[in-house]
Visitor: 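Starting off with a structure, shown below.
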Amino acid sequence: MVEILRMRNPVQHYAWGSREVLARLQGRPVPSPEPEAELWVGAHPSAPSVVVRDGRDEPLEGLPFLLKILAIDAPLSIQVHPSPEQAEAGFEREQRAGIPLDDPRRNYKDRSAKPETVVALTDVELLTGVQPADRLRATAARLGLDWLRDAAAGGRPVLPAVLTLDDA
C-alpha cells in the first residue's frame, strides 16, 4: 500500500527572496519575518528535508536530486555549474590542496556537476550573455532598474561600472 507522508522542508533566506510566496505556500503568516528565497525538498546534507511518521521527524535519505522552489522578489545572479569532468577535477584538486569542506574559499564541496532545470510558474525575465549597452539600458529602464540604466549609459564597459557602485 502506498503511504503519503508529511514533509518538513527547509527554507533558505537570501535578500532576493519574497516575504509572501513561500509563507503562503506553507500556510504560515504573511509577511514572513525575513526574505524567503528557496524551499528545498531533498536530502542535501546542509539542509535536508524530513518526513513526519507517527509524529516523529525521520531523515529523508537517498533522494538523488534537490528540488528548489524559488520565490524571487528582486534581481539575482545565476550560478554556472561545472561539467561532470570539471566537478571531479576541481574536487580532487581542492582535496589535494587540503582545503577543508567547510572552508568558505572552497568551490567544490563534492564531485557532482549539479545540472539544473528551470520551470517558471510566473513571468521571469532573464538577462544572459553579453548585452549591447543600448539593449541593456532599455531592459533596465523597463524593469525600473535606474542604477543599471545609469551604469550602462556612460559609454564605458558596464561590468566595471556596476562593480564600483556604492551600496547606497
Visitor: Roughly how far, to the nearest 0.5 Å, is the CH2 atom of Trp40 from the NZ atom of Lys68?
Guide: 5.0 Å
Visitor: If you measure from CD on Glu36 to CG on Asp73, what distance do you get to the nearest 0.5 Å?
Guide: 11.5 Å
Visitor: Identify the heavy atoms of Pro10 and Ala47 that sit nearest to each other, and give their distance.
Guide: CG-O, 3.1 Å
Visitor: Looking at Lys114 and His81, would you say the former's side chain and the latter's main chain have a donor-acceptor pair under 3.5 Å?
Guide: no
Visitor: Take a 6.0 Å sphere around CZ of Arg105 and say whether it holds more than 12 heavy atoms from other residues, nucleotides or ligands.
Guide: no
Visitor: Side chains of His44 and Leu63: closer than 4.5 Å at any heavy-atom pair?
Guide: no
Visitor: Between Val41 and Leu66, is there a side-chain heavy-atom distance shorter than 4.5 Å?
Guide: no
Visitor: Report yes if the side chains of Glu34 and Tyr14 come closer than 4.5 Å at any heavy-atom pair, otherwise no.
Guide: no
Visitor: Given the rule in the side-chain contact (heavy atoms from CB on, under 4.5 Å) test, do Arg53 and Glu3 qualify, once you have shown the distances and angles that lead to the verdict?
Guide: CA-CA 10 Å; Arg53 182 173 287 173; Glu3 183 179 9; 4.0 Å; yes
Visitor: Asn9 versus Ser49: any side-chain heavy-atom pair under 4.5 Å?
Guide: yes
Visitor: Could you check whether any side-chain heavy atom of Val52 comes within less than 4.5 Å of a side-chain heavy atom of Leu5, counting everything from C-beta outward?
Guide: no
Visitor: Going from CG on Leu67 to CG on Leu39, what distance comes out if it is rounded to the nearest 0.5 angstrom?
Guide: 7.5 Å
Visitor: Drop me the distance from Ser18's OG to Leu70's CG, to the nearest 0.5 angstrom.
Guide: 11.5 Å
Visitor: Determine, stepwise, if the pair Asp146 / Arg149 fulfils salt bridge (charged side-chain N to carboxylate O under 4.0 Å, His left out).
Guide: CA-CA 5 Å; Asp146 296 338; Arg149 185 202 62 221; 3.1 Å; yes
Visitor: Would you indicate whether the side-chain heavy atoms of Arg19 and Ser32 approach each other to under 4.5 Å?
Guide: yes
Visitor: State yes or no: do Leu121 and Leu76 share one hydrophobic cluster built from I, L, V, M, F, W and Y residues joined by side-chain heavy-atom distances below 4.5 Å, directly or via other members?
Guide: no
Visitor: Between Gln95 and Arg106, do the side chains contain an N or O donor and an N or O acceptor separated by less than 3.5 Å?
Guide: yes
Visitor: To the nearest 0.5 Å, tell me how far Tyr108 OH sits from Gln86 CD.
Guide: 6.0 Å
Visitor: Looking only at non-hydrogen atoms, find the nearest pair between Ala87 and Ser112 and report the distance.
Guide: CB-O, 3.4 Å
Visitor: For the pair Arg96 and Glu94, find out whether any cationic side-chain nitrogen is under 4.0 Å from an anionic carboxylate oxygen.
Guide: no
Visitor: Just so I know, are the side chains of Ile69 and Leu22 near enough to count as touching, which here means a heavy-atom distance under 4.5 Å?
Guide: yes
Visitor: Group every Ile, Leu, Val, Met, Phe, Trp and Tyr by side-chain heavy-atom contacts under 4.5 Å, then state whether Leu25 and Val11 land in the same group.
Guide: yes
Visitor: Check Arg8 with Glu58, please: is the shortest side-chain N to carboxylate O separation under 4.0 Å?
Guide: no
Visitor: Rounded to the nearest 0.5 Å, what separation is found between the CZ atom of Arg93 and the CD1 atom of Ile99?
Guide: 9.0 Å
Visitor: Testing the basics here: between Ala152 and Leu136, what is the closest heavy-atom pair and its distance to 0.1 Å?
Guide: CB-CD2, 4.1 Å
Visitor: Does atom CZ of Arg28 have more than 12 heavy-atom neighbours, drawn from other residues, nucleotides or ligands, at distances under 6.0 Å?
Guide: yes
